[in-house]
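The structure under discussion appears below in the form of structure tokens.
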Amino acid sequence: LFVHQTPVEVQDVTGASHSTPAHQLDDFKLVDMDGVPAEPFAAALIDRELGITRMIYTTGQARLLAQRTLVSSALGWDTPEIAVLSEWVGSDGIVLDPRHGPISIGKLRTEGFHPRAVAIEALRIRFDGGTVPTIEDLAVGFELGRFLRDPPVFDIEALRDLNGRVLAALPQDECVG
């Protein structure tokens with residue numbers, strides 16, 4: 001795949017343009033030595049075969065997004081609608097990592113966080129519109145462009161508080177177990 005010497009520009013659903021310099025795309029492989037399609041070729045194939053129409057990327061995935069866009073374009077395929085969201089940061093403004101506490105879903109579950117509390121908190125810090133809709137309402141009226149582009153700030157204490165309220169509101173039969 002020939003890569004031009006100009007940056008790859010990708011427009012997202014909010015109208016923002018995301019540019020990846022050409023030097024970051026040098027000679028990416030399409031097929032592994034064993035003949036298996038490699039990223040980003042495999043991802044573009046899967047998107048096409050499954051009829052994927054919308055995708056969410058983070059700013060940290062700009063190179064992958066540009067590669068997948070190039071592959072789809074080279075093959076004459078439409079690219080899915082794309083939203084590029086900022087990576088989550090801790091209260092210190094640094095991209096999340098283990099020093100911010102439990103950040104994986106598995107760790108949060110192990111520490112006793114209810115899935116509904118995690119989902120609601122994720123919506124609260126990512127959603128643009130003033131109020132956080134219910135998960136069900138968001139699913140019905142889902143629009144990629146309604147999510148904030150600014151980096152959402154993950155606050156474990158806010159999640160703990162919300163988790164307590166979610167657990168307190170659960171019917172007793174759901175609390176056992």
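Because the structure is predicted, anything quoted here is derived from the model rather than measured.
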Residue pair Arg48, Asp78: steps toward the side-chain contact (heavy atoms from CB on, under 4.5 Å) verdict: CA-CA 9 Å; Arg48 175 133 171 114; Asp78 292 334; over 6 Å; no

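Residues meeting the side chain to side chain contact (heavy atoms under 4.5 Å, CB included) test with Asp34, sequence neighbours left out: Asp32, Val36. In this view, Glu9 and Ser17, Ser19 satisfy the side-chain hydrogen bond (donor to acceptor under 3.5 Å, both in side chains) rule, not counting sequence neighbours. In terms of the side chain to side chain contact (heavy atoms under 4.5 Å, CB included) criterion, residue partners of Arg165 (sequence neighbours excluded) are, by chain and number, Asp161, Leu162. Applying the side chain to side chain contact (heavy atoms under 4.5 Å, CB included) rule to Thr79 yields the partners Thr69, Ser72; only residues at least two apart in sequence or on another chain are considered. Taking the side-chain hydrogen bond (donor to acceptor under 3.5 Å, both in side chains) definition, one finds that Asp47 meets it with Arg68, sequence neighbours left out. Residues satisfying the salt bridge (Lys or Arg N to Asp or Glu O under 4.0 Å) criterion with Glu157, sequence neighbours excluded, are Arg160.
Taking 4.5 Å as the limit, every side-chain heavy atom of Thr53 sits out of range of all side-chain heavy atoms of Pro80. Looking only at side-chain heavy atoms (C-beta outward), Phe113 and Leu167 stay at 4.5 Å or farther from each other. Inter-residue side-chain proximity for Val95 and Trp88 is flagged as unmet; no heavy-atom pair is nearer than 4.5 Å. With a 4.5 Å cut-off on side-chain heavy atoms, Phe154 and Leu159 count as touching. Leu65 has its side chain within reach of Ile82: a pair of non-hydrogen atoms, C-beta onward, lies under 4.5 Å apart. With contacts defined as side-chain heavy-atom distances shorter than 4.5 Å, the pair Val8/Gln67 does not qualify. The shortest distance between side-chain heavy atoms of Leu108 and Ile156 falls below 4.5 Å. The shortest side-chain heavy-atom distance between Val10 and Val84 does not fall under the 4.5 Å cut-off.
Judged by distance alone, with hydrogens and angles left aside, the side-chain atoms of Gln61 form a donor-acceptor pair with the main-chain N or O of Thr58 at under 3.5 Å.
Minimum heavy-atom separation, Ala83 to Asp12: CA-CB, 4.1 Å.
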